[in-house]
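Just below is one structure, and these are the notes that go with it.
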Amino acid sequence: MTTSQSGKKYEFKTIEDKWQRFWSENATYRTTEDATKEKYYVLEMFPYPSGKIHMGHVRNYSIGDVVARYKRMRGYNVLHPMGWDAFGLPAENAAQKNNSHPATWTYANIDYMREQLRQLGLSYDWQREIATCNPGYFRWEQLFFIEMWEKGIIYQKVTTVNWCESCQTVLANEQVIEGCCWRCDQPVMPRKMNGWFFKITDYAEELLADLEKLTGWPEKVVTMQRNWIGKSTGLTCDFPVDGRDEKISIFTTRPDTIFGVTFMSIAAEHPLLDALLPGGENEDEIRKFIDQIITEKQRKSNEEEPEKKGIFTGRYCINPFNGKKIPLYIANFVLMEYGTGAVMAVPAHDERDFEFARKYGLDIIPVIMPEGMTLIGESLDQAYTGPGTLANSGDFTGLPSEEAKGRIIAHAVDHGFGAPHVTYRLRDWGISRQRYWGAPIPMIHCDSCGVQPVPREQLPVVLPEDVDSGNSRCDPLHQRPSFYTTTCPVCNGPARRETDTMDTFVESSWYFARYTCPRLTEAPIDRDKASHWLPVDQYIGGVEHAILHLLYSRFFTKVLRDLGYLTIDEPFTNLLTQGMVIKDGSKMSKSKGNVVDPHDLVAEYGADTVRLFSLFAAPPEKDLEWNAQGVEGASRFINRIYRFVENNSQSLTNTPSPGQVLSEADRNLHRRTHQTIRRVTENIENNFHFNTAISAVMELFNVLSNATEKEKRNTVDPYYVKEAMNTVLLLLSPMIPHFCSEMWERLERGSIETVSWPQWDAEAAAEERLTIVVQVNGKVRSRLEAPADIEDRPLIDMALTDDNVARFISGKEVKKTIVVKKKLVNIVI
RNA sequence: GCCUGGGUGGUGGAACUGGUAGACACCCGGGACUUAAAAUCCCGUUGCCGCAAGGCAGUGCGGGUUCGAUUCCCGCCCCAGGCACCA
């Protein structure tokens, strides 16, 4: 067209401002329940309001927004909310630094980040926005706490907890990553402390079993959760201590090896030791050893396993199965927290026991023989842990190990010294945090009445705004007498409020339910609305939450169901875990200096370009390598479409209906248009592979611009040009909504929001002629153009007479020919 | 060590259910336009051989099944993530 505007670019700033204002003024994405449409709840993990959005957010929310916009176009009533995971330590640190209040910092960040999200053109229903630090939100969490406590799902205990010195607070097991704090990466120390626990272990079995239902989750996440829950089935069995009344209870998953027990190992912290050690031969030495082990255990190194060591207690146990007398050792590798804190040792069939036995010269007696082999204790160089046939096992000798397990458990039950037992690796969720900026635990300690919940009408328990003498505005609650001094709701006597606040993972465990009724003041959850919208149809976020947040949310869903608030068993039907955004091969981080600020990019290229690139560069589940030149490419593509619309506005707006007979050029473009609709739809429906969806649209656009090049004398009826152009805009509109809205308005004088996702016409999409590959002995030798419906025989004849094919088969006998319809012919010689 | 993924051009990535390997894009090279540059447009772009037609090799490595393997099977190597004395 006219060369003067050949390099013209669209004004993204004007266009994006215009449409963001339009969507906001018209409340385009406001959602209410609508019985006439199928509901679709798409949710992205809400952000911590750290200050400004980063590339991970851009990616996460771009993906979610495409899903939301796509589903709207497919006719769903889409719920797509956004909010803030607003409690947490960084707010306290910032407040300390600026001598202000955590709330001030947090709300300022929220305002700034909300604006940043708005500038990305994300289609949220902002009316439903929630911030978890708002008492209107966390008051309901306090109510849940009280109801859970009343139901016995919450308890207090003093245990060794994971203490992070730098955060000055306790961490849950899940929050310790390789011995370090999940947030600040500093080493975690053990510390004895009183704290509040959620009995997530009561739900262990259901959390495990329901993983089966999560067919819309990545297998990887399901596996990680299954391993985290760590169910083991086996036998608990009592081994009497020789000459004493005490019995040592052990748990084993290998009851079939019980005749191979040659010693016992017990944890250094085991309470029975206090009864067993006094009066022994070298008690002092043993005590010293115990102290040493306990200190070493506390120095949880995140490197290699410490060397196994132990000490003989001087006591013996009796194996109840064969009456054998076996020595009792204290061993550093036995965990007090798992099973019973004591294990039967079968060195022939357990690697740890083997190592220990070799070190201390203990017997190794094989009792499981692998197929066709006879193991001999002295000559073993490692434990045999596989299945086999029992040997040296009394009445059980000769049984296969799997069968023997059941028979041996039954024997223990019959004789009253054992029982079948299931144990889990999962521990209860410690939620006490010794911090200020969190939801206060709504409990009161009274010396005469014990622990009492805050009366419901007194909720919420809010954070104190005032400053106690000598304290800063965010010092923890246990340093604030004006907060904790109270009276007992039962006896009215002096009492002390609980000063721990809740783990911030509690807030994020139920926010998806609150979005269905965010402003409700009478109750935490509107049952009708919740059951209308839940479960979340598509949840999207980073894999880093595979265990923490996703397990807690599943747990909370079941608890809230049991408390009568929810009617679902699982919160998230489909889960998409998007990969990280990386640059120069590693995760973007300040310390690496490879951070790309979305703010700068949006300013330079516009939101649509940034969105398009982050969707195009990789499929959502894979890591995305940020590439500045790739962003240029995305921008270039949008501008090419823009110039096409500019240069062809005449023919794109005035399109008389075409005649009945389509020219070949018409049919080709029309076909390509419908093939593209099919490809894009399938790419989105199957697995949200927007990268291939976008490349399909790029191909269509390339075909479209080639087909209309005057120099090539291609004449396509404007009607099909317009069909292709409109299709390009509709298919891209979930990804680059501002641009497509603007172009659509120019061409169609209407709002693209009201247009449905295009349907493909299977007939139009069908190929007329195909390229058929001809192979000779599986190697490609030629390609043929043939009608799509060609029969096998004429196709084979065509193949055999092809020049190049003939060269390869000349003088040789054709043994057979294979025809794959619409694909290839293979001639075997 | 165990459990997941994954390994394809210079780069990001495509390839339905065993059937044209490298779509789409980035980079790069060449050209057009321009006084010049940018922008834009066109052509080329897995390697090797060849003027070309075409040929040979090629999806981490080694085997196998098959008319045909990136795809299925067996044995290795490497990378990423998760778990890690869980009895």
Side-chain angles (χ1 to χ4, degrees), chain A residues 3 5-9 177-178 218-228 230-232 234 250-254 257 265 302 304-306 308 331-335 337-346 349-353 355-356 423-426 543-544 546-547 579-580 613 616-619 621-634 636-637 639-640 643 679 682 686 689 691-699 701-702 705 709 711 771-783 803-804 807 815-829:
Chain A
T3 45
Q5 54 179 208
S6 62
K8 198 176 167 188
K9 295 190 172 179
I177 314 292
E178 289 176 351
E219 205 30 61
K220 173 185 164 144
V221 176
V222 171
T223 305
M224 279 167 72
Q225 291 216 356
R226 184 176 293 120
N227 293 341
W228 189 265
K231 180 179 181 176
S232 301
I250 58 95
F251 171 72
T252 180
T253 56
R254 292 295 303 272
T257 64
S265 311
N302 48 359
E304 285 166 50
E305 276 174 20
K308 290 186 182 31
N332 65 340
F333 62 89
V334 181
L335 304 172
E337 315 85 72
Y338 183 81
T340 58
V343 287
M344 65 181 211
V346 187
H349 304 295
D350 181 283
E351 284 162 21
R352 293 152 300 179
D353 297 341
E355 192 186 327
F356 194 88
T423 186
Y424 300 90
R425 210 190 78 111
L426 181 72
V543 230
E544 64 272 23
I547 294 170
M580 289 185 305
F613 176 74
F616 177 66
E621 70 279 4
K622 283 189 68 170
D623 285 350
L624 184 155
E625 172 75 34
W626 195 263
N627 177 312
Q629 282 145 343
V631 181
E632 291 278 355
R636 207 174 297 156
F637 176 57
N639 277 307
R640 285 180 66 208
R643 283 190 296 273
R679 276 175 69 188
E682 286 172 355
N686 290 347
H689 276 194
N691 57 330
T692 49
I694 291 166
S695 74
V697 181
M698 286 174 167
E699 285 181 63
F701 182 75
N702 289 344
S705 43
E709 267 180 40
E711 308 81 62
T771 303
I772 306 288
V773 165
V774 185
Q775 299 181 335
V776 177
N777 282 352
K779 291 198 173 216
V780 178
R781 296 303 178 193
S782 184
R783 292 176 173 83
D803 284 353
N804 202 45
R807 263 181 53 206
K815 290 191 188 130
K816 80 175 160 175
T817 53
I818 292 150
V819 177
V820 179
K821 284 255 182 287
K822 297 183 177 183
K823 288 238 151 68
L824 63 73
V825 177
N826 189 11
I827 299 161
V828 185
I829 55 172

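On a predicted model such as this, the values are computed, not experimentally measured, just so you know.
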Salt bridge (Lys or Arg N to Asp or Glu O under 4.0 Å) partners of A:K308, counting only residues at least two apart: A:E305, A:E355

Atom pair distance, as rounded to whole Å: CG in A:L624 and C1' in B:G12: 9 Å

Between B:A57 and B:G62 - P atom distance, rounded Å: 14 Å

Is the side chain of A:N691 donor-acceptor paired with the backbone N or O of A:A617 at a distance under 3.5 Å, no angle test? no

Rounded to whole Å, how long is the line connecting atom CZ of A:R640 with atom P of B:U40? 10 Å

B/S/- contact track for nucleotides 45-59 of chain B, protein heavy atom under 4.0 Å: ---------SSSS--

B:U45 and B:G30: how far apart are their P atoms, nearest whole angstrom? 16 Å

Any N or O donor-acceptor pair linking the side chain of A:Q775 to the base of B:G19 at under 3.5 Å? yes

State which residues pass salt bridge (Lys or Arg N to Asp or Glu O under 4.0 Å) with A:R352; sequence neighbours excluded, sorted by chain then number. A:D350

Between B:A87, B:C24, B:C83, spot the one nearest the side chain of A:Y338, thanks. B:A87

Short side-chain N/O contact to B:U4 OP1/OP2 from A:R226, under 4.0 Å: no

NZ of A:K9 versus P of B:A38: gap in Å, rounded? 13 Å

A:M580 atom CE is separated from B:G82 atom C1', nearest whole Å, by 13 Å

State which residues pass side chain to side chain donor-acceptor pair (under 3.5 Å) with A:E351; sequence neighbours excluded, sorted by chain then number. none

Say you pick atom P in B:G82 and the same atom in B:U11; how far apart are they, in whole Å? 26 Å

Dot-bracket line, read 5' to 3' along RNA chain B, where crossing pairs take [ ] and | marks a partner on another strand, Watson-Crick or G-U under 3.5 Å: (((((((..(((......[....))).(((((.......))))).((((....))))..(((((..]....))))))))))))....

Min side-chain heavy-atom separation A:E621-A:P218 under 4.5 Å: no

With a 4.5 Å cut-off on side-chain heavy atoms, are A:I818 and A:Q775 touching? no

ring-ring contact (aromatic ring centres under 6.0 Å, His included) against A:F616, all qualifying residues, sequence neighbours excluded: none

With syn defined as a glycosidic angle within 90 degrees of 0 and anti as anything else, the base of B:G29 is anti

Using ring-ring contact (aromatic ring centres under 6.0 Å, His included) as the criterion, list what pairs up with A:W228, not counting sequence neighbours. none

When rounded to the nearest Å, what value does the distance between C1' atoms of B:C78 and B:U8 take? 15 Å

Under 4.0 Å between any heavy atoms, over every strand shown, what does A:V334 touch: base, sugar-phosphate, or nothing? Just pick one. base

Of the listed B:U40, B:A87, B:C3, the closest approach to the A:R643 side chain comes from B:U40

According to a strict under-4.0 Å criterion, is A:S232 in side-chain N/O contact with OP1 or OP2 of B:A87? yes

What's the gap between B:A15 and B:G7 when it is taken at their P atoms, as a whole Å value? 12 Å

Out of B:A84, B:C67, B:C24, whichever nucleotide has its closest atom nearest the side chain of A:R425: B:A84

What about A:K308, does its side chain sit under 3.5 Å from the base of B:C85 through a donor-acceptor pair? yes

For nucleotides 26-32 of chain B, print each protein N/O atom paired with a nucleotide N/O atom at under 3.5 Å, atom names and distance only.
from, atom 1, to, atom 2, distance (Å)
B:C26, OP1, A:R636, NH1, 2.6

Assign each of A:T423 and A:E219 to its nearest nucleotide of RNA chain B by heavy atoms, then name whichever residue's nucleotide is nearer the 5' end. A:E219

Quick one: closest heavy-atom pair of A:M224 and A:A546, and the distance? CE-CB, 3.6 Å

Mind checking A:N826 for me? I need base, sugar-phosphate or nothing, with any heavy atom below 4.0 Å counting as a touch. base

For A:K823, report the nucleic acid contact type (base, sugar-phosphate, nothing); a contact means any heavy atom under 4.0 Å. base

Any side-chain N or O of A:N227 less than 4.0 Å from the OP1 or OP2 oxygen of B:C2? no

Assign A:F616 to base, sugar-phosphate, or nothing according to its heavy-atom contacts below 4.0 angstrom with the strands shown. base

Taking any heavy-atom pair under 4.0 Å as a contact, classify A:D623: base, sugar-phosphate, or nothing. sugar-phosphate

What contact category does A:N702 fall into here, base, sugar-phosphate, or nothing, at under 4.0 angstrom with non-hydrogen atoms? sugar-phosphate

Output side-chain donor-acceptor pairs under 3.5 Å for residues 819-829 of chain A, partner residues at least two apart or in another chain, one line each.
from, atom 1, to, atom 2, distance (Å)
A:K821, NZ, A:D792, OD1, 2.6
A:N826, OD1, A:N777, N, 3.4
A:N826, OD1, A:G778, N, 3.0

Have A:E682 and A:H689 got a donor and an acceptor in their side chains that come within less than 3.5 Å? no

Base, sugar-phosphate alone, or nothing: which one does A:V828 contact when heavy atoms must sit under 4.0 Å apart? sugar-phosphate

For A:T692, give me all partners under side chain to side chain donor-acceptor pair (under 3.5 Å), at least two apart in sequence or on another chain. A:N683

Calculate the interatomic distance between A:K622 atom NZ and B:U11 atom C1'; express it in whole Å. 13 Å

Quick one: on RNA chain B, does A:T692 or A:V221 contact a more 5' nucleotide (nearest heavy atom)? A:V221

For atom CG of A:N686 and atom P of B:A15, their distance in whole Å: 10 Å

Please report the C-alpha distance between A:R636 and A:N639 in whole Å, then the side-chain angles of each, then the deciding distance to 0.1 Å, and finally whether the side chain to side chain donor-acceptor pair (under 3.5 Å) criterion is met. CA-CA 5 Å; A:R636 207 174 297 156; A:N639 277 307; over 6 Å; no

Identify which nucleotide among B:A87, B:A23, B:C3 has an atom closest to any side-chain atom of A:E699, counting heavy atoms from C-beta outward. B:A23

Just jot down the ring-ring contact (aromatic ring centres under 6.0 Å, His included) partners of A:Y424, sequence neighbours excluded, or say none. none

Just the rounded figure in Å: distance from C1' of B:A84 to CD of A:E351. 12 Å

As a test of reading the structure: which of B:C41, B:G81, B:G12 is closest to the side chain of A:A617, going by heavy atoms? B:G12

P-based separation of B:C83 from B:G22 [nearest Å]: 41 Å

Need one value for A:P619: base, sugar-phosphate or nothing, where a base atom within 4.0 Å counts as base even if backbone is also close, heavy atoms only. sugar-phosphate

Nearest whole angstrom, please: distance from the C1' of B:C83 to the CD of A:Q225. 14 Å

According to ring-ring contact (aromatic ring centres under 6.0 Å, His included), who are the partners of A:Y338, at least two apart in sequence or on a separate chain? none

With C1' as the reference atom in both, quote the distance from B:C48 to B:G9 in angstrom, rounded to an integer. 14 Å

Nearest-angstrom distance, C1' atom, B:G58 to B:G47: 8 Å

